[in-house]
Peer 1: 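My structure is below; once you've seen it, I'll send some questions.
None of the values given here were measured: they were computed from a predicted structure. Note: hydrogens, waters and symmetry copies are ignored here, and every other heavy atom, side chains too, is used.
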2 protein chains.
Amino acid sequence: MSGGRRPSLVSQVRTELLQEIGDGRLLAGDKLPNEYELADRFAVSRQTVREAIQSLVVSGHLSRQRGTGTFVTTAPSRHALDTNVSYTAMIRDAGLEPGETVLEVLRRPASAAEARALRLGSGQEVVAVERIRRGNDRPLIYSRDRIPADVLGDAGQERLSDSLYAMLEAAGHRVVGATARLLPVLADRRLSELLQVGEGAPLLHIHQVDRDTDDVPVMESDEWHVADAFDVIVNRRAPL
Amino acid sequence: MSGGRRPSLVSQVRTELLQEIGDGRLLAGDKLPNEYELADRFAVSRQTVREAIQSLVVSGHLSRQRGTGTFVTTAPSRHALDTNVSYTAMIRDAGLEPGETVLEVLRRPASAAEARALRLGSGQEVVAVERIRRGNDRPLIYSRDRIPADVLGDAGQERLSDSLYAMLEAAGHRVVGATARLLPVLADRRLSELLQVGEGAPLLHIHQVDRDTDDVPVMESDEWHVADAFDVIVNRRAPL
DNA sequence: GAGTGGTCTAGACCACCGT
DNA sequence: CGGTGGTCTAGACCACTCC
């Protein structure tokens, strides 16, 4: 009756190891017990331990060396661009107090470019949101987001106090991935006023399309970041 | 006697599925046979099929929906910043002919900042390389790379005709990951001359540290990219 | 309820690293 | 050589989606 599903064993082992890394029981460079011992300790199969470790390797917390052991890596960037789709979270992780000013919320027919990016038929509508995101009250990002009206459903014209990602998730479209194109640009008059920087100041323009669990595009965004607002970090890896 | 190790079954299944996606036997949106059928077809266990599929989900080629099936996604960006550590490859993938001009190769003691980033002791030396990377003969990137002399070993003062990544791999330090910090900047006089753009033109500055399989930092780089040189794409994903 | 992917096990053998 | 991670299997049961 009471909801609450049991987390998987893999996830339990992962969480426990993550805690040991987080609270200093395991330090960077430390060697983990071997997989058989860990399986014993957690009373699970070796396969289960391996999956937990694998997920921590992917997220950059551990590295494995065949024939040698598993080791704790130097902590990866938690607020990296590649592993986080929410700027609110990134601003907070950077140690700043996130805030925002909504400039405009508008429901209108999609442009040709939007229809292409969001795979919409002609005449379909989008909800367009224009915002200034702030960190410690300083303007950091000017953003224009467009979400198909169909995707939001009933939640269409509600308040935007929560993040757009929360709204999308509530509408049954959890965002799990996005493709971003990054481009350095100069602030024109309008951007310089919105972001309170000089005209010609360097900005980072990011054009992004977010996708949900079904790989359906659910939001298109254009953002302009103030240069030194917060570090934009990308974790890179060699192709498989 | 003849070397050639057999690729793992997982990798064989992965490769076969990738080919079917690549040559159009499987198109975006298509549903794959279920895991039991695939296991049958490839004469492997379901677990093996699952691992192959999992790796294609991570690389963005497939998406799984519990209770429904596994589907081919729209092709992910193959020359994305997050899944490729070589710019030569990225320039080539962007459809341009890569070229380079080496401005300087120098062996010198590491600076304090370099020693910190590369975890070097005092007095240790680095090999510093300054280059202009080109696409179709047009300057795209000005880069300064520093590699600890110890890491290169004998290959230290060889020619640089191959990529630095190839040199590192030959020296037993295959680069498998990197952390990059991106920052929009304006071209100063020197950069404008090197990259043949106007002074004050927007550039993307990337500071990067590459790591090998043992999570050891093996190269520190600073790069300045011409704004519209080629698209800088980042695939983003929600945290685990 | 039928079909699908998600989790988990116990056991086996292989490949690589260091001594 | 012993210890480690890497691969693979056969089978079981669970949870979700859709009809």
Side-chain angles (χ1 to χ4, degrees), chain A residues 1-17 29-58 61-73 172-174 176 212-216 240, chain B residues 1-17 29-58 61-73 172-174 176 212-216 240:
Chain A
M1 301 302 149
S2 66
R5 289 237 357 283
R6 165 182 73 83
S8 72
L9 292 182
V10 169
S11 137
Q12 288 176 42
V13 172
R14 176 192 156 84
T15 300
E16 170 61 22
L17 290 175
D30 279 0
K31 180 178 177 177
L32 263 66
N34 72 37
E35 299 178 344
Y36 296 93
E37 282 181 48
L38 288 172
D40 243 34
R41 183 205 295 179
F42 293 114
V44 298
S45 73
R46 185 183 161 217
Q47 168 82 6
T48 300
V49 166
R50 278 184 61 76
E51 275 175 43
I53 290 178
Q54 173 58 25
S55 84
L56 290 169
V57 168
V58 167
H61 292 93
L62 298 176
S63 81
R64 290 201 269 209
Q65 294 168 240
R66 187 191 194 116
T68 308
T70 302
F71 300 84
V72 179
T73 61
H173 295 276
R174 189 162 66 89
V176 296
D212 69 8
T213 45
D214 296 352
D215 194 44
V216 173
L240 294 175
Chain B
M1 292 302 146
S2 65
R5 289 236 356 283
R6 165 183 72 85
S8 72
L9 292 182
V10 169
S11 137
Q12 289 177 42
V13 172
R14 177 191 155 83
T15 300
E16 170 60 21
L17 290 176
D30 279 1
K31 181 177 177 179
L32 264 65
N34 72 36
E35 299 180 343
Y36 297 93
E37 280 182 48
L38 288 172
D40 242 35
R41 181 204 298 179
F42 293 114
V44 298
S45 72
R46 186 183 159 217
Q47 169 80 11
T48 300
V49 166
R50 278 184 60 76
E51 276 175 43
I53 290 178
Q54 174 59 24
S55 85
L56 289 169
V57 169
V58 167
H61 293 91
L62 298 177
S63 81
R64 289 202 268 209
Q65 292 168 242
R66 188 191 193 118
T68 307
T70 302
F71 301 85
V72 179
T73 61
H173 296 275
R174 190 162 65 91
V176 296
D212 69 6
T213 45
D214 296 352
D215 195 44
V216 172
L240 294 176

Peer 1: I need the minimum non-hydrogen distance between Gly69(A) and Lys31(A), along with the two atoms involved.
Peer 2: CA-CE, 4.0 Å
Peer 1: Which heavy-atom pair separates Ile53(B) from Leu17(B) by the least distance, and what is that distance?
Peer 2: CG1-CD1, 4.3 Å
Peer 1: Is the shortest heavy-atom distance from the side chain of Asp214(A) to the side chain of Gln65(B) under 4.5 Å?
Peer 2: yes
Peer 1: Tell me, with the steps shown, if Gln54(A) and Arg64(A) meet side chain to side chain contact (heavy atoms under 4.5 Å, CB included).
Peer 2: CA-CA 9 Å; Gln54(A) 173 58 25; Arg64(A) 290 201 269 209; 2.6 Å; yes
Peer 1: Base contacts versus sugar-phosphate-only contacts with protein, heavy atoms under 4.0 Å: please encode nucleotides 2-9 of chain C as B, S and - from 5' to 3'.
Peer 2: -BBBBBSB
Peer 1: How many whole angstroms separate atom CZ of Phe71(A) from atom P of dT4(D)?
Peer 2: 10 Å
Peer 1: Say whether Glu16(A) and Gln12(A), considering side chains only, have a donor N or O and an acceptor N or O under 3.5 Å apart.
Peer 2: no
